[in-house]
A.B. asks: 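Take this structure first; my questions come after.
Just so you know, residue 1 is the first one in the sequence shown, and it goes up from there.
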Amino acid sequence: MVSGQAVYEKYGLTDYGTYLGNGSYLGPDYTAEALHHYIEGMHSYYAQKLYHQPFKQLSEIKREGIIGKTRHEIRENRYSQSDQTLTLTTAQVAGLRAMQAYYRKAFINNPKQAGLPENMIKLQEKGNFLTKGNKVNQLSSFFFWGAWMSSTNRPGRNFSYTNNWPYDLEAGNTMPAEAMIWTALSVAFLVAGVGVVIYYQRRYHFDMQATYTTEPGCHLSILTNQLQRVNAK
């Protein structure tokens, strides 16, 4: 995963797309995109395993059943902190492979996205933090880490490490109640703070005071007096 992050940084992909919402907006957000293809791969796996058909050819009831099963499966946190090992189910491995296949096509073949040159990533390149192996696969692992982190529940909680961002119904990523409460409180405090500032500004006359009068003829009178003083000298 560290090597995949190094690939992401080396080729300046943050100047093209975003990761965890950070970066430029010419290209996609790789977290949301990876999550989408990860879930699609799991859907395809279960469609073949359970019904021996492509997912899109299944009836709506069968598709909804697979979507629900996938959503429940990816929310479970299988990371062991004691031995620092992440265990994936067979369906999750299928999702990872589907995501890797998508990015091999996007970064090795001619990409359709504007702004990416053909075959931009050197597959066996070496350098700082770049380990031996296929660089696109390593980059995909980095993207998968974001997809996993954004769709897997934190230990003991019912929302992900990114507070269920990006929004994705098929992943169960909807705004948690805690986020809604804090958002409402933030807006309320902002409105109240602006109100307090306006009150004290008006109450104690913090506005700039006028430095001249606007009565008719005043400017002409001042100018006439100044000219008379000059002539007298």
A.B. asks: With a 4.5 Å cut-off on side-chain heavy atoms, are Val7 and Lys10 touching?
C.D. replies: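 They are not in side-chain contact.
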A.B. asks: Could you give the distance from CZ (Arg104) to CG (Asn137), rounded to the nearest 0.5 Å?
C.D. replies: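 With rounding to 0.5 Å, CZ (Arg104) is 5.0 Å from CG (Asn137).
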A.B. asks: Do Val93 and Tyr38 land in one hydrophobic cluster if side-chain heavy atoms of ILVMFWY residues count as linked below 4.5 Å?
C.D. replies: yes
A.B. asks: Is there a side-chain contact between Asn163 and Arg154 in this structure, where contact means two heavy atoms from C-beta onward sitting under 4.5 Å apart?
C.D. replies: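 Yes - at least one pair of side-chain heavy atoms lies under 4.5 Å apart.
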A.B. asks: Do Tyr19 and Thr14 come within less than 4.5 Å of each other through their side chains, counting heavy atoms only?
C.D. replies: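 No; the side chains remain at least 4.5 Å from each other.
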A.B. asks: Give a yes or no on whether Trp182 and Phe159 share a hydrophobic cluster (residues Ile, Leu, Val, Met, Phe, Trp, Tyr; joining criterion: side-chain heavy atoms under 4.5 Å apart).
C.D. replies: no
A.B. asks: Say whether Arg71 and Asn173, considering side chains only, have a donor N or O and an acceptor N or O under 3.5 Å apart.
C.D. replies: no
A.B. asks: I'd like to know if the side chain of Thr152 and the backbone of Ile74 have a donor-acceptor N/O pair within less than 3.5 Å.
C.D. replies: yes
A.B. asks: With Tyr103, which of Phe142, Phe143, Tyr8 fulfils ring pair (Phe, Tyr, Trp, His ring centres under 6.0 Å)?
C.D. replies: Phe143
A.B. asks: Answer with yes or no whether the hydrophobic clustering places Phe189 together with Val196; edges join I, L, V, M, F, W, Y residues whose side-chain heavy atoms lie under 4.5 Å apart.
C.D. replies: no
A.B. asks: What are the two closest non-hydrogen atoms of Thr31 and Leu20, and how far apart are they?
C.D. replies: OG1-N, 2.8 Å
A.B. asks: Is the shortest side-chain heavy-atom distance between Tyr45 and Ile66 below 4.5 Å?
C.D. replies: no
A.B. asks: Shortest non-hydrogen contact from Asn164 to Gly172?
C.D. replies: ND2-O, 3.9 Å
A.B. asks: Quick check: closest heavy atoms across Ala98 and Gly41, and the distance to 0.1 Å?
C.D. replies: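 Taking every non-hydrogen atom into account, CB-CA, 3.6 Å.
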A.B. asks: In terms of relative ring orientation, are Tyr30 and Tyr16 parallel, tilted or perpendicular, with 30° and 60° separating the classes?
C.D. replies: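 If you compare the ring of Tyr30 with that of Tyr16, the planes turn out tilted.
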A.B. asks: Using every non-hydrogen atom in the two residues, find where Gly21 and Trp165 come nearest and quote the distance to one decimal.
C.D. replies: N-CH2, 3.4 Å
A.B. asks: Indicate yes or no: at least one non-hydrogen side-chain atom of Leu13 is less than 4.5 angstrom from one of Leu139.
C.D. replies: yes
A.B. asks: Could you tell me whether the side chain of Asn77 reaches within less than 4.5 Å of the side chain of Trp148, counting heavy atoms only?
C.D. replies: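 With C-beta onward as the side chain, the pair touches.
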A.B. asks: What are the two closest heavy atoms between Met180 and Met175, and how far apart are they?
C.D. replies: CG-SD, 3.2 Å
A.B. asks: Group every Ile, Leu, Val, Met, Phe, Trp and Tyr by side-chain heavy-atom contacts under 4.5 Å, then state whether Met42 and Tyr51 land in the same group.
C.D. replies: no
A.B. asks: Please report the shortest heavy-atom distance between Ala171 and Arg75, naming the atom on each side.
C.D. replies: O-NH1, 2.9 Å
A.B. asks: Might you confirm whether atom CG of Leu185 has over 12 heavy atoms from other residues, nucleotides or ligands at distances under 6.0 Å?
C.D. replies: yes
A.B. asks: I'd like to know if the side chain of Thr18 and the backbone of Gly23 have a donor-acceptor N/O pair within less than 3.5 Å.
C.D. replies: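 Answer holds: no.
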A.B. asks: Would you compute the distance between atom OG of Ser150 and atom CG of Leu35 and round it to the nearest 0.5 angstrom?
C.D. replies: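 Nearest 0.5 Å value for the OG-CG distance: 4.5 Å.
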A.B. asks: Could you go through Lys49 and Thr90, starting from their C-alpha distance and side-chain angles, then the distance that decides it, and tell me whether this counts as side chain to side chain contact (heavy atoms under 4.5 Å, CB included)?
C.D. replies: CA-CA 11 Å; Lys49 179 182 179 181; Thr90 304; over 6 Å; no
A.B. asks: Is there a side-chain contact between Thr70 and His43 in this structure, where contact means two heavy atoms from C-beta onward sitting under 4.5 Å apart?
C.D. replies: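 When only atoms from C-beta onward are counted, His43 and Thr70 do touch, with a gap below 4.5 Å.
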A.B. asks: Using a distance-only test with no angle check, is there a side-chain donor-acceptor pair under 3.5 angstrom linking Glu40 and Tyr102?
C.D. replies: no
A.B. asks: What distance do Leu96 atom CG and Gln92 atom CD have between them, rounded to the nearest 0.5 Å?
C.D. replies: 9.5 Å
A.B. asks: Taking atom CG of Leu58 and atom CD of Gln53, what is their separation to the nearest 0.5 Å?
C.D. replies: 5.5 Å
A.B. asks: If you define the side chain from C-beta out and look only at heavy atoms, does anything of Leu88 sit under 4.5 Å from Phe144?
C.D. replies: yes
A.B. asks: Hey, is CZ on Arg97 packed in by over 12 heavy atoms from elsewhere, all under 6.0 Å?
C.D. replies: no
